[in-house]
Every structure is written in C-alpha cells, then in structure tokens.
Amino acid sequence: MEYNPQDIEPKWRQWWQTQQTYKVSNHSTKPKYYILDMFPYPSGAGLHVGHPLGYIVSDILARYKRLRGFNVLHPMGYDSFGLPAEQYAIQTGNHPQVATDRNIARYREQLDEIGLSFDWSREVRTSDSAYYKWTQWIFMRLYEHYYDRDANKALPIAQLAARFAQVGNAEVHAVCEDSTPVFSAAEWLAMDHLAQQTILLKYRFTYPGEAYVNWCPALGSVLSNDEVKDGVSERGGHPVERKMMNQWNMRITAYADRLLEGLNEIDWPDSIKEQQRNWIGRSVGASLRFDVAAHPGTQIEVFTTRIDTIYGVTFVVLAPEHELVAQLTTEAQRTEIEAYVQWAGARSDVERMADTKKVTGAFTGSYALHPFTGEQVPIHIADYVLAGYGTGAVMAVPSGDQRDWDFAKRFNLPIVPILDAQQNLDEAADPTKEGRYINSGMINGLPYAEATPLLIKHLEENGLGKGKTQYKLRDAVFSRQRYWGEPVPAYWHDGLPYLIDEQDLPLVLPAVDKYLPTETGEPPLARAKDWTYLPPARTIVKSMLDHFPDVNVSLQELEENTGISISPPPFKSVQIESFAGEENTNEEASAIGQGYEPPLGGPLELSTMPGWAGSSWYFYRYMDPENDDAFCSPEALRYWQAVDVYLGGAEHAVGHLLYSRFWNHFLYDLGLVPEREFAKKLINQGMIQGRSSFVFRAKEQFFEQYLWQRVLQPFFEAEGPIAQAQSRSEEGYNYDFAFGANDLVIEVTSYKLPEKIERIRRTAEADRKRLLVLTTEEIIDAINEPEKTAAKIRAALDSRESFYFIRDTPRCEQLYVSQSLLYKYEPDAFTKLHVDVNLVDNDLLNVEQARTKPQFDKSNFKIDPQGQFTTSFEVEKMSKSKYNVVNPDDMVRMYGADCFRMYEMFLGPVENSKPWSTSGITGVAGFLRKFWGLFFDKNGQWAVSSTAPTGDELRALHTCIKRVTEDIERFSMNTCVSNFMTCTNELRSLNCSKRAVLEPLVVLLAPFAPHIAEELWDQLGKTSTVCDAEWPVYDEAHLQLSTINYPVQINGKMRGNIEVPVDMPAGDIQEKVMAQEFVTRTLQGAEVKKFIVVPGRIINIVA
RNA sequence: GCGGGAAUGGCGGAAUGGUAGACGCGCUGGUCUCAAACACCAGUAACUUCACGGUUGUGCGGGUUCGAGUCCCGCUUCCCGCACCA
C-alpha cells in the first residue's frame, strides 16, 4: 500500500467527527489541562499559512497531554464583532451578520482541513446574543462596583454610598476621578439623587465622562490608545485626532498596581510583560503646588520624579490646553499666547511626533513662586508638556532635564547647576544623580538617596505637596460609535445613565436601515426604531394601557391601587458564588435610591462596546458554553480553573492581554472566578511573513527611446524573425530574446533597474489599470488554454501600456521559469503564446503533475547564478492587501495535512518570525513516506513482524521517545520533527519493521501527524483511536551502551576519539588514552599536568 | 532616547559549560535509466595538504574556566515595542 495522504486524511477526519473523538466532558476523574488559542477575527480573506502555526502547536500539545492522561480542554471560537464586517455592511447594505457567517464558515472549512482536535461543540462567537448577554452582564457588574484602596479590591458601589452616608468621602480610600469634591456625611445626605449619582459615577468602574479621546473621522468612531499606531488608526490607517467627547470609560487605572504585581506570578514572555509594564508606566515621585504671584489662591500643581532637583527650577511650563492658561496670561502677552494655543491645538499628533526637536512655546507674563525659596519663576506654555499626563504642568529644571534645557536655551532662561559632580551644562543637561547638591538650600551637601526623602517629608509637613505615584496608563475608552458591537445595556434619564434590568439581557442589536451614522452625526443605533428602554413589566402594562385608551389610569396609579410592583427594584443585588473565600454583601444597598422613584425608562445608549469587550472573558465561556444562567457555572470553573497554556501573537501585548487581565482581576474580586490571573503561561507564536511579489513595468519613455529604438528594432532589422533564443547586452541590461518577430518574449535582467522601470505591487489597483501581469501559473494556463490567456493579454495590450515585466510568484517556485519576462504584442500576428519553447513537455504542464513529477530540463531555463531570484520580492506581513498570501488549503491539497502540520513545525522555533517558503517541505514529505515505508515492504505489502527488537532498534526508539517527550514539554516542536527523522532513518538502515518498535512510534507521532498515525494504528489492528493510546515511556536501560566513545581533547583542542568500556576505571582510561598514537604524537613528550575525565562526556589532557 | 530580543555554513536552523553545524533544504558525485524525473548511496564550514594530517572558525574586543556558541565586562549591527510620560 502506498502512502497517499489524499486517501487517508479525509477518511479519518470524517471518522473522528462521527466518533466525537474530540468532545470533552466537564466531568472526569482525570487531571484537567486547558490549552487555548487566541480566537481569530474571521476576516474575509480566510486563513493564510501564518494563522495555523499557533493552532498546530497548541494542537500537538493538546493531543500530547491527552495521551499523557489529561482531560484536555482545547476549544476554538470567533471574535466576530468588528470593523471589516461592518464596512462590508455599509458598502453592500447587507447585515454584518451575513458577512460574518460566511467568513466563519470559510474559516471552519480551512481549520477542519488541518486536522485540529478542537471540541467544536464548545464554539463561541462574541457576536451571538447568547454570548454577549454575558459581556453585557459583566459590564453591569463593573458599573455596580468601585475600587476600594483599603480592601484593595472591587466592592459594590452600594457599600460606598453607605459609607458616604456615615462618614462622607474624606476618609474613604477609593479610586475616583481627581475632580471629585470632598463632602461630609451630612452634605451627602443633603444631596438629591441626581447629585449623588453624579458623584458615584466618579467611582464606578465604568462611567460616562468627558475626556480627550482619539477620534477617527474616517471610521466615525473613537479608538482606544492601543488601537492607534503612529497617529493613525491601526485598522485602515486613517488619521486620528484628539477630541473632547463624552464617552463611556473603563476605570482600568484602578487596577494599575495589581496588574503590575500580577506580572510577577505569570509565566509570560519577558517582552510582553515589559510592554505591559511600560504601558502602565508607573513612576514614583512627588506632586507639589506652586503659588502664583499676583494671583492669590491660584496654584499650579506639578508632578516630578526628581524632587531632588527642586532647587534647579528656573521656570514652570504648562501644557497649552492647561485650564489656568487664560487666567495667568497678562494683557501684554495675550496675543502671543492665544496665537500659540491656537497653533498648538491645530497640530495633529502626527505633526507633533514628526518634529519633537523643534522647541516652541510662549511666556504667559505671570510668575510662580518657588515653594522652597519663594523666588519668582516665569510661567511659560509649551506643547512639549502633555495635557494628558500628570497635571499637565511641569517644574522645569534645565540643569537636569534635556527638554527643559532646550527650552531654557531657546528662551534665554537661567540654568542653575545643582550637583557638584563635573557638569558641563553648556552643551546639554545632566540627568544623572551623581555627586552632592549645591545651590540647593536644605539639601546642600547631601547625595540623592538622602535628599529625596527629606524633601518629600518637608513637602508633606508644610502642606506643599506629597509623595505620589503616577501612571501612564489611561482609563480605557469603552464606547464606539459603530453598529457591529455589543449594545451597552444602559439607558439615559435626566442626563444620567441607568442599567437596564438584568432580566432583559441580552439587549439585542436592533435592526437599522443603514449602518452609517445619522445625518446629525449620531451613531448608527440612532437609526433603530424604538431604541428606548422600558422595564419589561411596565412595557406590557403600558402597551395594554395604550391599547385601551378608555382605561384612564397611569402606571403609577395602577401600582398603588393593586399593590403590585411592576417596576424592577432600583438596585439589584449580585448573587455571587465566591471563590475568594469571603462574601461580598450588598446589604447596604438601601443607602442609595432611598425614597427615590427610578426612572421609568429612557433612550438607550447609542454607542456599542469596543472589540476587546467580548474577548476579555471568552476563555471562561468555553468551559460552559451553553449556560443561560451564568457566564460560566461555578462547577465548571472549579474544574477547569484557568488557562494552562495560552497561545497567540505578540501584537495583543497591551490590548487584549491587558484588558483580559483587568477583567479577570475584577471578576476575581467579585469571587466569580478562581484565579487572579487567567492564563498561567503564554507563548507568542512568531509571525509568518509573506514574500511580496512585484511586477516591473518599463516606463513608456524608456521603451520608446531606448529599448525599442536602440535595442530591439536594430536587432530585428538585422536578424529578421528570430528562430532561436538569443542574448544581447546593452548598458548593463541583458536581453534574452526567445521568440519570433511578432510575438516576442524577452527576458530582461539588470541590477540597475530603478530609474527606467517602475516597480508595482501586484495589486487590485495594478489589475484595474490593466497592467498585464502573468504568473507562472498563468503561463501554464496559457499553454492549456491559449485562447483564454491570449484574450486576456490582448485586452491588456490594446492599451498604450503594452510592455511589461512578468514575474513568477513564490507559489510556483518549483517551476523553473525565469524571473522577469517582457512581452511585446503585435495585434495582427498575435495568436498564441509560445511559452513552450522554454518547456520540455507540454503535456506535463499542469500544476498537479508538475508538483509530483517535475519534468523540466533545467538547462533550458534561465536561472540566476545563486539559484535565487535576485530582484523584486520583499518580506512583509502576510496580508491580503499585500497580495502575498499563501493559503493553507493549497498546501494541504498538495502534500496533505500531516505534512503541512509537520512542515510548519519544522520551520524553526515557534516564537520566531520567519518568511514563508515552501522549499524544504519535500524533506518532510519524504520523511512521512519513509515512516510509512517502515510498515510495508517493497511490494507495498504489510511487513510488520512480531520479532523481538534488537538493542540498536530499542535504542533508536527510546532515544526518540526521550527527546520528543522533552522537546514537546519545552515547546521545541522543530527539534521534535528532527528527532522523528533521525529515528526513522536509523530504523530504515536497521531494516526494522517490528511491532514492538513501530507501535510506540505511531503514538509518538500521533500529535504531530494524526492522520497517518490513525491509519497505521488501525492497520496495526487497534480498534480505538490513537488519540486515546498511552504515551510511551522511555527506559534508560535501552539507552545504555556497553562502550563509550570519548572525545579526547589536548589543551582544550579536539584530537581524537577513544572507545572504552562503560565500567572502565578512570586510571585505566588514562593509561589507555596515553597509549594512543594521536596522543603521543600531539604531546610530543610534554608533561601531563592534569588528566580530566568527565564521565560519559569527554576527556581533556592538560599539558 | 528608553525597554525587550537576536547575531552560528549557500539557506531554515541544532547544541543541560564538554566532539560546533543535529535535522532538513540546496548543491556535488555515484547507482538505477535510452535519457530524465522519482528513489537510493556518498560527500558538502573555510583555508591548506597527493594523502595522513594541520590551521582557522558561532558579529567585534577583552575576561573567567582544564574546556565558552553557551557565563562575565565593553562594543557593533539588526528586529520588535514604547517614545516630549516631567
């Protein structure tokens, strides 16, 4: 029987499906193991060969753990809300669900082909209402909680309100907005509901608020910081501007410290942890206030990490947007300041980032009073001070900070040295902390370590400021003015948001007529009819009342008269199954809302949630995907706990991976999940890049004046119709002519193409411009279907853009077609493309056969000297827009899924990025064929025998078991494949077809190449799946040799080898080694100072 | 500028401080064949030698060690992330 993956693979995939081999139960006595892939956004482009890399790694791990006796949860789903589907909807008018469903179907098809062991019964889709019901539910829990600094965890907002009623907020240590006023218990109780709720919003984890946000006009939506790269939107690359808007926010800053600490307990790549630390950007320093001369009562608060440089302060700088700018500007300076503020405001982020070296600013005319010396220092504004960080104001120390130094130089402000270390402040600032302080009042003569605590103490004792920790992390903007996302489960009344009743979840996306913002600029949900919330009992009663206008009674009267409350309770207590061991109580809930009639309803929120909402908790839904009563049952959570290994790309470092940790910490505080961190181990798979192909077009001018007039025309005139291929060189260009006079193929090679030839990416745009681009595949088509191709070429060449270079694509690199061809077309004579001149046998030129049996005579082809194409490809991110996508389907069709899986693993370490290349896949294909060949004789007959294996055979097997086991454990899949190859080669040379050796090998191979393993397992006579076999254990005894081959070094240099029995004593070994010819020869009588035997390893003679 | 990572044949890449280059691709030669392809066998770091062998060699310069690709110190280059964060 011959190995033919196309025969066996679909058969077993079908069998696994009908057997439900991959279905996982939540009830098992086995230890659990949860291995998770980052779920994909199902884009219209489908999967490319880069996507499955991580899925294959996790699949191998999942299958391996299963063979080792674990109950393995290995699910997959789709992050199916998102912009592309919506853009498609805007363009076509179809509901985004349509595109989403279609894309998911395509993804599923492709994923299935690879033989991945996902339990599809647990699939989740973030855009399913049964799923986003729980996204909304978590949103509601966030709204109902605040962060308590004393408890160091999230607590119900009702408890906070209760404490306000007892002690006011001065004593309460809770995370809130800086602008929150201080009030006493009496003041709190005197506030009306509206005022109280407004205060509470400053504490809630999710809250609407005015803030500077990244507004993207092209997308018509705000974006979070991590969705903006280099001043443009990550998706689409549209410009982004800063704009003050009212948005829902997520108070992630409350967890800044917890998120930092948590990094220490998880096994994630250093780069990811570092990126997160960076993003959170904790810096410890002090905040202090400067009084302003001639403005009693006005203070400027600044933050500094270098309070030790306080005596070097010679001016103060405010951000142009700072709220005090207008007040502090003197009449004399007003014109200048206003002009500057306007100029700075008009600058986009891109511009600001582009010239950070340019020093700009303006003087307000006012002076601040130095808090330690009382000296007057000028107050400037400048856009190097950011409004969004710290207080938007800095104390400028030109001697210690380069930006302040630059500014001082530009505006002729004094620079005062403050350290006695040799400072050359004429050239640059000195940011070091070396030496002792001078010109520094109370800290003169002290070093840095002593000065800082002293100054902070002084600040705090004199009420000038305090030690403070500042973060770069901003609260995350949580609303998007888009359609295709989770509706925010809140409605508005009197300018305040209210949550809808939990019973009304999910709040389903309404139908709209168009997916665009309204004419007045409101989000698409404003187009929905009746996008208004009425609590359900009221909805019914009200509609009844509406239906019977004769019944002249209001809802309120009805409630009073019947005694039946048809309103939902104003605050719903949260039922919590606590994993943290202590119960959160909601007893004090009555403290708010007392004597207050909740609003009957109101217009629902028009914005939707951002893409990261649904992906911040999906790993729990897989544990219990059908549950309609909870996002996940406590039982399921207790069993599966958290993700053991999480696999995905590094591009989510500060987005998804940080938000998920935030939500998880929150859910943990509520006792809803058992672990602080949701993923113990994270592995980033490297990106597989694409090779982008470019076509070259001769510039028309070049063709007319140079190529044609000076090269081609004289050539034709001299030679007449060309019968044979010829070459000619001219000014650094080589032209190889291959065809007759009228239809001509010219290969042009040159290393100095650029100025005469333009490079064009092979894109839709290029095609639209009717540029003729032929791939080698199309050339092959041209032979098979000359009419079709001729028509295409004719159409293209009818235009003036008639001359093109044609380039092969990486997909066809096995075909020896040279890299660039230039066609000229004469309409009258053109009938057929004579590519066959270059090819040996036309009949064999279809792709399928060309793959298995290349039939070319290489000598007929132009191949570049290095055997590589020298021009015109670049390694880039693989992407549909770059026209460099390689499809896994094609690979699977050509070589089979097992081969594709193993080849992807064989490419190199999982975490490395690498360009995709198919060269080398034949090595893996050959291995599979050889492995298969161990089971069959030359005639294809089953050859497995029950003979007892020899020591060599057992050693080959057990070496393989040992290495593969160790390598899987450390995620070194590429060396696993090597080990299989080595073992197979050895067994082949030993002619081993023994069951005792091959059977364990099949199990070993099963995680990597499940199809061939299942087939051979079946042929070995097994009735149950190889997925449930037992992982073989290696036996050290089989690895032992009777002799050891020691390498012998003399003075650290390898000189030879010596074979000694395992049990030979060291003294005898030395005697034997010294007698060796190569030893005496190299030593030449030199005295041996030391004789080192590292048992089992090496011998080193020191002379 | 700051932070993280990397640098090994023609290529992808292997090497708990212990024979550098496993495994594969590519290339060269051979067997088979009318001839090719497939397959199989052998070779393949560089320099040197008829050969045995010798010398050099893991980005560069030092160091620790009997022994360094691996550890330490100082650089260079490249990739990734952040970037006027006070």
Side-chain angles (χ1 to χ4, degrees), chain A residues 229-230 269-275 277-279 281 283 285 302-306 309 317 352-353 355-359 382-386 388-397 400-404 406-407 431 470-473 650-651 653-654 686-687 840-841 844 852-858 866-868 903 906-909 911-915 917-924 926-927 929-930 933 963 966 972 974-982 985 988 1045-1057 1078 1081 1089-1092 1094 1096-1103:
Chain A
K229 292 263 149 74
D230 300 326
D270 288 339
S271 66
I272 299 282
K273 289 195 193 180
E274 232 11 76
Q275 279 183 59
R277 287 195 188 103
N278 232 308
W279 191 259
S283 46
V302 302
F303 174 76
T304 179
T305 52
R306 291 292 303 278
T309 63
V317 187
R352 267 174 88 139
M353 279 188 281
D355 54 5
T356 54
K357 293 215 174 68
K358 204 158 131 196
V359 181
D383 73 348
Y384 81 87
V385 176
L386 304 174
Y389 181 73
T391 58
V394 301
M395 56 177 232
V397 185
D401 184 287
Q402 190 57 44
R403 295 155 301 173
D404 296 345
D406 292 338
F407 195 82
Q470 185 73 44
Y471 301 90
K472 274 196 269 184
L473 184 70
E651 66 272 20
V654 293
M687 204 173 5
V840 174
D841 187 343
L844 294 164
T852 49
K853 293 193 171 183
Q855 300 276 336
F856 310 115
D857 182 352
K858 291 176 203 168
Q866 265 77 48
Q868 294 176 344
Y903 180 61
F906 192 60
L907 284 173
E911 63 276 10
N912 283 14
S913 285
K914 50 234 155 189
S917 153
T918 15
S919 73
I921 197 168
T922 52
V924 177
F927 154 73
R929 212 167 37 239
K930 287 180 200 171
R963 290 195 179 150
E966 286 170 359
S972 177
N974 56 326
T975 51
C976 285
V977 180
S978 299
N979 290 327
F980 283 122
M981 290 172 169
T982 310
N985 289 342
R988 265 165 69 85
N1045 189 5
Y1046 275 104
V1048 179
Q1049 294 185 341
I1050 295 172
N1051 289 329
K1053 279 198 172 138
M1054 262 296 299
R1055 294 297 167 175
N1057 289 277
F1078 71 87
R1081 170 162 49 77
K1089 296 191 188 115
K1090 216 167 170 185
F1091 190 89
I1092 298 161
V1094 184
R1097 281 278 176 205
I1098 204 166
I1099 291 166
N1100 196 2
I1101 303 167
V1102 186

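Keep in mind that the numbers below use all heavy atoms, side chains included, and drop hydrogens, waters and symmetry copies. The chains referred to below are lettered A, B, ... by the order of the sequence lines, with proteins before strands, and numbering in each begins at 1.
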query = Paired with A86(B): which nucleotide, if any, by Watson-Crick or G-U wobble criteria at under 3.5 Å for both distances?
reply = none
query = G26(B) and A7(B): how far apart are their C1' atoms, nearest whole angstrom?
reply = 23 Å
query = Would you find a donor on one side and an acceptor on the other, under 3.5 Å apart, between the side chain of N1100(A) and the backbone of G1052(A)?
reply = yes
task = Using a heavy-atom cut-off of under 4.0 Å over every strand shown, decide if V1094(A) touches base, sugar-phosphate, or nothing.
result = base
remark   = Picking from A20(B), C23(B), U16(B), the nucleotide nearest the side-chain atoms of R1097(A) would be U16(B)
request  = Would you please confirm or rule out a distance under 4.0 Å between OP1 or OP2 of C82(B) and any side-chain N or O of R277(A)?
outcome  = no
task = Tell me which nucleotide among A86(B), C82(B), C66(B) gets nearest to the side chain of V1102(A).
result = C66(B)
ask   = Heavy atoms under 4.0 Å, any strand shown: does Q1049(A) hit a base, just sugar-phosphate, or nothing?
value = base
Minimum-distance nucleotide to L386(A) side chain [options: C23(B), A86(B), U19(B)] = A86(B)
request  = Could you tell me the separation between the CG atom of N979(A) and the C1' atom of G13(B), rounded to a whole number of Å?
outcome  = 14 Å
task = Spell out, as yes or no, whether a donor-acceptor pair under 3.5 Å connects the side chain of D404(A) to the backbone of V397(A).
result = yes
message = Can you identify which nucleotide, out of C66(B), U19(B), G13(B), has its nearest atom closest to the K1090(A) side chain?
response = C66(B)
query = According to a strict under-4.0 Å criterion, is N912(A) in side-chain N/O contact with OP1 or OP2 of G13(B)?
reply = yes
request  = Taking only the side-chain heavy atoms of K930(A) (C-beta and beyond), determine which of A86(B), C40(B), C23(B) contains the nearest atom.
outcome  = C40(B)
inquiry  = Side chain of N974(A), heavy atoms from C-beta onward: which of G13(B), U19(B), C40(B) has the nearest atom to it?
reply    = G13(B)
task = Assign P909(A) to base, sugar-phosphate, or nothing according to its heavy-atom contacts below 4.0 angstrom with the strands shown.
result = sugar-phosphate
query = Could you state the CZ-P distance from F906(A) to A14(B), rounded to the nearest angstrom?
reply = 10 Å
message = From CD1 of I1098(A) over to P of A68(B), roughly how many Å is that when rounded to an integer?
response = 11 Å
request  = Could you tell me whether the side chain of N278(A) has a donor or acceptor atom within less than 3.5 Å of a complementary atom in the base of C82(B)?
outcome  = no
query = Is the closest basic N to carboxylate O distance between R277(A) and E274(A) below 4.0 Å?
reply = yes
message = Mind checking if S271(A) touches a base, just sugar-phosphate, or nothing, with heavy atoms under 4.0 Å?
response = sugar-phosphate
task = For G9(B), decide between syn and anti, treating a glycosidic angle within 90° of 0 as syn.
result = syn
key: Closest to side chain of D270(A), choosing from C25(B), G5(B), C84(B)   = G5(B)
ask   = How does protein contact run along nucleotides 54-60 of chain B, one letter per nucleotide 5' to 3', with B for base contact, S for sugar-phosphate only, - for none, heavy atoms under 4.0 Å?
value = SSS----
query = Say you pick atom C1' in G67(B) and the same atom in U76(B); how far apart are they, in whole Å?
reply = 28 Å
key: Separation of the P atoms in C23(B) and A45(B), to the nearest angstrom   = 13 Å
ask   = Is the distance from OP1 or OP2 of A86(B) to the nearest side-chain N or O of S283(A) less than 4.0 Å?
value = yes
Nearest to side-chain heavy atoms of I1092(A), which nucleotide of C66(B), A39(B), C23(B) = C66(B)
request  = Considering non-hydrogen atoms only, spot the tightest contact between V654(A) and Q275(A) and give its length.
outcome  = CG1-O, 3.6 Å
Closest non-hydrogen atom pair, G920(A) against Y903(A) = C-CE1, 3.5 Å
request  = Can you tell me, in whole Å, how much space there is between the P of U77(B) and that of A39(B)?
outcome  = 46 Å
query = Heavy atoms under 4.0 Å, any strand shown: does R963(A) hit a base, just sugar-phosphate, or nothing?
reply = nothing
message = Taking the side chain as everything from C-beta on, heavy atoms only, tell me whether Y389(A) gets closer than 4.5 Å to S283(A).
response = yes
query = Is a side-chain N or O of R306(A) found less than 3.5 angstrom from the main chain of G285(A), in a donor-acceptor match?
reply = no
ask   = Which part of the nucleic acid, if any, lies within contact of N1100(A), taking any heavy atom under 4.0 Å across all strands shown: a base, the sugar-phosphate backbone alone, or nothing?
value = base
